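What you are looking at is a predicted structure, and each value in this text was computed from that prediction instead of being measured.
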Amino acid sequence: MGFSDLGKKKRLSRTSIEFSKAEPLSKILISYPINQDLLLDLFDEGDGVLSDVSFLKRVEKEIKIDDQVLSELYFNHLVLAGGRLPKITSKRSFIALIEAYKKFSKFLLSESKEIGLQDKLISIYLFGFYKDIAIKNSETISKTDYDQRLKVISQCNKYTAIPYMIEKKEKFIPIASQDMSARALETIKNIGEPSIWCSNLLYWGLVFVALLNEGVNSEIQDYFMVDCNEIEGINITFQRFVSVISE
């Protein structure tokens, strides 16, 4: 690629905004207001700016954008970001994200595509389904439910090693409600072969949440003792968590 290629201009069809490799859209759009025509242009262009979290934050504040277009924005983001979920703050954005994720899940199934293990685990816990996998109570009822599930994910993701997680048992107890723990159990049971997850800290965080709830504890123990007993490394790690529950 020569210098002439860097300066070669492209133009968005609706807004007539010009850009090039030397002046990418992500840089140029800082000076432009967000509107529906711009988003439709970006959908056509398939530009990486739709995976930019800061750009999504700007869009979320734009109340004049149609709800369907907002949902399409989140869908495009999920495709470009490989399933990485954007942060949302309003009920309107939550509803748009739910619709976008449903479409994204069908897209992955039809295209025989997968996302990263971490994002897959997050999606199943938050939404209750991923492609052809579904857990009990798979429909997210409200933004309040969604936010509570995000708190569980956030707490599990704070640690860089299992010993640090175990040391903070008191931080996990408040999030180990019956609903959150039962959901953690269902996620663990439906996520796939446990050996795949033996080094995933979010996975073990959800196991910890399930163990800490009296109503779920026996069922998660039965699962690991019966279904995972012979998987190398899994049972040893599980017993590390079990040992701290009674302390």
How many angstroms lie between CG in Leu212 and CZ in Phe172, if you round to the nearest 0.5 Å?
8.0 Å

Sub-4.5 Å side-chain heavy-atom contact between Val216 and Gln178
yes

First locate atom CD of Gln221, then atom CD of Gln239, and finally report the distance between them rounded to the nearest 0.5 Å.
7.0 Å

Given 3.5 Å as the limit, does a donor-acceptor pair link the side chain of Tyr101 with the main chain of Phe129, or not?
yes

Can you find a heavy atom in the side chain of Leu126 that is under 4.5 Å from one in the side chain of Leu150?
yes

May I ask you to test the Lys168-Lys158 pair for a side-chain heavy-atom distance under 4.5 Å?
no

When you measure from the side chain of Tyr125 to the backbone N and O of Met180, does any donor-acceptor pair fall under 3.5 Å?
yes

Trp204 and Phe238 aromatic ring geometry - parallel, tilted or perpendicular at 30°/60° bounds:
tilted

Closest non-hydrogen contact found for Phe43 with Val69 is CZ-O, 3.6 Å

Using atom types as modelled and distance alone, determine if a side-chain donor or acceptor of His77 lies under 3.5 Å from a backbone N or O of Asp52.
no

Any sub-3.5 Å donor-acceptor pair from Ser71's side-chain atoms to Ala96's backbone N or O?
yes

Is Ile124 close to Asn190 at the side-chain level, that is, under 4.5 Å between some pair of heavy atoms?
no

Glu60/Lys87 salt bridge by N-O under 4.0 Å criterion:
no

Verdict with reasoning, Asp179 to Ser177, per side-chain hydrogen bond (donor to acceptor under 3.5 Å, both in side chains)
CA-CA 5 Å; Asp179 287 346; Ser177 66; 5.6 Å; no

Of all heavy-atom pairs between Pro86 and Leu78, which one has the smallest distance, and what is that distance?
CD-CD2, 4.4 Å

Side chains of Leu42 and Asn76: does their closest heavy-atom pair fall under 4.5 Å?
no

Considering only heavy atoms from C-beta outward, does the side chain of Leu12 approach that of Asp37 to under 4.5 Å?
no

Take a 6.0 Å sphere around CD of Gln68 and say whether it holds more than 12 heavy atoms from other residues, nucleotides or ligands.
no

Any link between Tyr32 and Leu73 through a network of hydrophobic side chains (Ile, Leu, Val, Met, Phe, Trp, Tyr) touching at under 4.5 Å?
yes

Show the numbers, then the answer: is there a side-chain contact (heavy atoms from CB on, under 4.5 Å) between Val207 and Thr237?
CA-CA 11 Å; Val207 170; Thr237 304; over 6 Å; no

Show, in sequence, the C-alpha distance, side-chain angles and deciding distance for Phe208 and Phe241, and conclude whether the ring-ring contact (aromatic ring centres under 6.0 Å, His included) test is met.
CA-CA 7 Å; Phe208 202 18; Phe241 285 96; 5.1 Å; yes

Hey, does Lys120 have a side-chain heavy atom less than 4.5 Å from the side chain of Lys131?
no

Rounded to the nearest 0.5 Å, what separation is found between the CZ atom of Arg92 and the CD1 atom of Ile65?
7.0 Å

Please report the closest heavy-atom contact between Tyr159 and Lys171, naming both atoms and the distance.
OH-CB, 4.0 Å

Could you tell me which non-hydrogen atom of Leu25 sits nearest to which non-hydrogen atom of Glu45, and how far apart they are?
CD1-CG, 4.4 Å

If two hydrophobic side chains count as joined below 4.5 Å and joins carry through other members, does Ile245 share a cluster with Met165?
yes

How long is the straight-line distance from CD1 of Ile191 back to CG of Asn200, given to the nearest 0.5 Å?
9.0 Å

If you measure from the Lys or Arg side-chain nitrogens to the Asp or Glu carboxylate oxygens, is any gap between Glu186 and Arg183 under 4.0 Å?
no

Look at the side chain of Ser93 and the backbone N and O of Thr89, then say whether any donor-acceptor pair between them is shorter than 3.5 Å.
no

Ile175 reachable from Tyr164 in the ILVMFWY side-chain graph, under 4.5 Å edges:
yes

Carefully, step by step, assess Ile135 and Thr187 under the rule side-chain contact (heavy atoms from CB on, under 4.5 Å).
CA-CA 7 Å; Ile135 66 174; Thr187 300; 3.9 Å; yes

Any side-chain donor-acceptor pair under 3.5 Å between Asn35 and Glu62?
no

Would you call the rings of Tyr203 and Trp197 parallel, tilted or perpendicular, where under 30° means parallel and over 60° means perpendicular?
parallel

Using side-chain hydrogen bond (donor to acceptor under 3.5 Å, both in side chains), reason through Asp41 and Thr15 one step at a time and then give a plain yes or no.
CA-CA 7 Å; Asp41 270 343; Thr15 57; 2.8 Å; yes

From Ile88 atom CD1 to Leu56 atom CG, the distance as rounded to the nearest 0.5 Å:
11.0 Å

Check Lys103 with Glu72, please: is the shortest side-chain N to carboxylate O separation under 4.0 Å?
yes

Determine whether the side chains of Thr144 and Asp147 contain a donor N or O and an acceptor N or O closer than 3.5 Å.
no

Under the 3.5 angstrom rule, does the side chain of Ser181 hit a backbone N or O of Val209 as a donor-acceptor pair?
yes

Describe, in one word, how the ring planes of Phe107 and Phe104 are oriented to each other, choosing from parallel (under 30°), tilted (30 to 60°) and perpendicular (over 60°).
parallel

From CA spacing to verdict: side-chain contact (heavy atoms from CB on, under 4.5 Å), Leu201, Ile162:
CA-CA 7 Å; Leu201 292 173; Ile162 285 174; 3.6 Å; yes

Is the closest side-chain heavy-atom distance between Ile34 and Phe55 below 4.5 Å?
yes

Would Leu121 and Tyr130 count as a side-chain contact (heavy atoms from CB on, under 4.5 Å) here? Give the steps.
CA-CA 9 Å; Leu121 187 57; Tyr130 169 81; over 6 Å; no

Nearest 0.5 Å, please: how far is CD1 in Ile220 from CG in Leu211?
6.0 Å

Is there a donor-acceptor pair closer than 3.5 Å between any side-chain N or O of Ser105 and the backbone N or O of Lys102?
no

For the residue pair Glu170 and Glu167, what are the closest heavy atoms and their distance?
OE1-O, 3.5 Å

Decide whether Val79 and Val53 are clustered together by the hydrophobic rule: side chain heavy atoms of Ile, Leu, Val, Met, Phe, Trp, Tyr closer than 4.5 Å, transitively.
no

